[in-house]
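Inspection log for the structure reproduced underneath, given as structure tokens.
These figures come from a predicted structure and were not determined experimentally. Order of appearance sets the numbers: ligands from 1, and atoms from 1 within every ligand.
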Amino acid sequence: MNEFFKGISKIKYEGKDSDNPLAFKYYNPDEVVGGKTMKEHLRFSVAYWHTFTGGGVDPFGAATFQRPWDSISDPMDKAKARMTAAFEFFEKLGVEYFCFHDRDIAPEGDTLAETNRNLDEIVKLTKELMASSGVKLLWGTASLFTNPRFVHGAATSCNADVFAYAAAQVKKAMEITHELNGVGYTFWGGREGYETLLNTNMKLELDNLARFLHMAADYAKEIGFTGQFYIEPKPKEPTKHQYDFDCATVLGFLKTYGLDKYFKFNIETNHATLAGHTMQHELHFARINGMLASVDANQGDMLLGWDTDQFPTDLYVTTLAMYEILKNGGLPRGGLNFDAKPRRASFTPEDMFISHIVGMDSFALGLKIAHKMLQDGKLEKFVEERYSSYTKGIGADIVAGKVGFKELEQYALSNNNIKNESGRQEALEALVNKYILQSI
Ligand code: XUL
Ligand code: CO
């Protein structure tokens, strides 16, 4: 078979002292951490759109990425070569999963029917490649934001014909995800938001979004798709205001419309920071509400206000992300999908590997550190003690619902000696630094 990534062989674990950019320093798939292998914990996935379809365009310049399938001009031949190359990449990297949008993998035709035929042809090839390689689909989704018809949104478009087209597209994307046995299906509200309220009926748009998601849940039942439905929050970009702003906003929306039983979250680092949150905040909020299912692993740039989708290298972030994920009992209905791209100037095929390797190493190390933090238990113990006033006396009565304002007033009137303890933030930060430094 034609080899696309010549000169790059299977990426091996060489340990932390290795200088080989094409080797893992920390990700050792079979190494056991807390009773599970790293591979089982981390469930890495490659994002098809960034790694195979995206070319490195930005608003000021054309594609820069050099890819082995670039010279093929026929769109379907190119799509097939790209998919074949993708599986060579997955196998050489040793990732278990991948994710795609419908339009990443197959070109659009002149009509929806022709587009669907193109998709079917590529799905057939994908299925064969999955069977021969053992690589699995983490999730599928539909691109409801690239084509100009979605200029006003998809499920929240002012144009009912566009709503119908989007429904047809999601129906098909769910069918192929089901056919490829996807662990889940993602709803990211690409243009589901607004630019100005001056032309927007927000109430109808939100009601329609809920109608659309109910239709999706009904259709999943109809075709027997039991994979996890994820919503991926993002506060802005491409629209000024995206309705799926952050986890708290989306949970409120889902509960308002009776949708919360069908969905969990796919949380992306760069979306969390655009919403003004840390990644740990979003994961923590989702976890305590039983809604944490999957992660789009990347990072933004502190100085830029848009979604740069960089590969995750910040150990502080990966450690605290893995801390939340471990406390969640892992991501059994999801995985760690690298929704990330090498920088536009990192344009060689080698950079495709190197960028994933550093992301995988950063999460592997984060896993080891977080496991140590939990085993040691100092952080958890500190938090437990900080709230210990609620386990006895008046605090226990508050929690048990035994007292109201009158009883609490009685208590406060006779309690003239309130004493607070230090929050010890800096001491805890020093502790986290110690866990990180000792593990490197
Ligand atoms: C966009 C984004 C998407 C979703 C899938 O910011 O993250 O790629 O992950 O549609
Ligand atoms: Co994403």
With under 30° as parallel and over 60° as perpendicular, where do the rings of [X] and [Y] fit, or are they tilted in between?
X: His101; Y: Phe145; result: perpendicular
X: Phe98; Y: Phe87; result: perpendicular
X: Phe44; Y: Tyr27; result: perpendicular
X: Phe89; Y: Phe52; result: perpendicular
X: Phe229; Y: Phe263; result: tilted

For ligand 1, find out whether one of its N or O atoms is nearer than 3.5 Å to an N or O atom of [X].
X: Asp339; answer: yes
X: Lys234; answer: yes
X: Glu268; answer: yes

Inset, instruction - Do me a favour and list the nearest non-hydrogen protein atom to atom 5 (C) of ligand 1 with residue, atom name and distance? - result: His101 NE2, 3.3 Å

Legend entry - Identity and separation of the nearest protein heavy atom to atom 9 (O) of ligand 1: Glu232 OE1, 2.7 Å

Legend entry - Pair Thr313, Gln299: side-chain N/O donor-acceptor within cut-off below 3.5 Å: yes

Inset, instruction - For Asp244 and Trp188, test the side chains for any donor-to-acceptor distance below 3.5 angstrom and give the result as yes or no. - result: no

For the Co ion (ligand 2), find the closest N/O/S atom belonging to [X] and write down its atom name.
X: Asp339; answer: OD2
X: Glu268; answer: OE1
X: Glu232; answer: OE2
X: Asp296; answer: OD2

Inset, instruction - To the nearest 0.5 angstrom, please state how far the NZ atom of Lys368 sits from the CD1 atom of Ile436. - result: 14.5 Å

Legend entry - Those atoms of ligand 1 less than 4.0 Å from some heavy atom in Asp307: 6 (O)

Legend entry - Asp296: numbered ligand 1 atoms lying under 4.0 Å from its heavy atoms: 9 (O)

Inset, instruction - Evaluate ring-ring contact (aromatic ring centres under 6.0 Å, His included) for Phe265 paired with Phe285, printing each intermediate quantity in order. - result: CA-CA 10 Å; Phe265 291 121; Phe285 179 85; 7.4 Å; no

Legend entry - ligand 1 contact on Glu237 by region, counting heavy-atom pairs under 4.0 Å: neither

Inset, instruction - Check whether any heavy atom of His50 sits under 4.0 Å from an atom of ligand 1. - result: no

